[in-house]
Amino acid sequence: MTTIIFVVIALLVLVTLGRVLRNGNIREKYAFLWVLVGVATVVLALWPGLLEWLARLVGVAVPSNLLFFLSILMLLGVSLHLSLEVSELEDETRTLAEEVAMLNLRVADLEPPAVNRLDAPEPPLELPGPEGR
């Protein structure tokens, strides 16, 4: 029964990922990892002895410890990848801000100076003449 539950959960993850990809809410380079996780979950759910075999092969006493270790490695990889992406985006943002500032200076040099309403002289008050009374 647990095998069926794990297979259903893994398939739901894959279907959800397919929908998110189709809608364009996630880019392909990020989706690859989640597809890999979903496929690995299906494989491990269908062949539970595979994790035990891998644990024995690597020398890990408890198969679930191997699964946790691999999960931690995956999360470290995701963290590193996202840190690299954030660093690149910060560099791009800084470059774009500098370019916008330079363009604003060029536009300000090309435009005539704007008249500030506070500095503009007030028009003289016209007093009504004797005929206005």
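Source: prediction; values computed, not measured. For this chain, numbers begin at 1 and follow the sequence in order.
Within the structure, ring pair (Phe, Tyr, Trp, His ring centres under 6.0 Å) contacts touching residues 37-59 (residues at least two apart or in different chains) do not occur. Contacts classified as salt bridge (charged side-chain N to carboxylate O under 4.0 Å, His left out) and involving residues 41-57 (residues at least two apart or in different chains) are not found.
Hydrophobic clustering (side-chain heavy atoms under 4.5 Å, transitive across Ile, Leu, Val, Met, Phe, Trp, Tyr) keeps L54 apart from F68. Follow the hydrophobic side-chain contacts under 4.5 Å out from L105 and you never reach L103; the two are in separate clusters. Note on V37 and L70: same hydrophobic cluster, where clusters join Ile, Leu, Val, Met, Phe, Trp and Tyr whose side-chain heavy atoms are under 4.5 Å apart, directly or indirectly. The hydrophobic clustering, which links ILVMFWY residues whose side-chain heavy atoms are closer than 4.5 Å, places V15 and L33 apart.
The line from CE of M74 to CG of L36 is 9.0 Å long, rounded to the nearest 0.5 Å.
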When the side chains of residues 84-93 are checked against the rest of the protein, which donor-acceptor pairs come out under 3.5 Å, sequence neighbours left out?
| residue | atom | partner | partner atom | Å |
| --- | --- | --- | --- | --- |
| E85 | OE1 | K29 | NZ | 3.4 |
| E85 | OE1 | Y30 | OH | 3.1 |
| E85 | OE2 | K29 | NZ | 2.9 |
| S87 | OG | S83 | O | 3.0 |
| D91 | OD1 | R94 | NH1 | 3.2 |
| T93 | OG1 | L89 | O | 2.7 |

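Nearest heavy-atom pair across L17 and A31 is CD2-O, 3.7 Å. Minimum heavy-atom separation, A55 to P63: CB-CA, 3.8 Å.
Clustering of Ile, Leu, Val, Met, Phe, Trp and Tyr side chains at separations under 4.5 Å places L76 together with I72. Listed by chain and number, the hydrophobic cluster partners of L12 are I4, V8, where partners are ILVMFWY side chains within reach of under 4.5 Å, directly or through others.
Every side chain to side chain contact (heavy atoms under 4.5 Å, CB included) that L44 has, sequence neighbours left out, goes to L50, L51, L67. N104 meets the side chain to side chain contact (heavy atoms under 4.5 Å, CB included) test with V100; sequence neighbours excluded. Under the side chain to side chain contact (heavy atoms under 4.5 Å, CB included) criterion, V20 pairs with T16, N25, I26, sequence neighbours left out.
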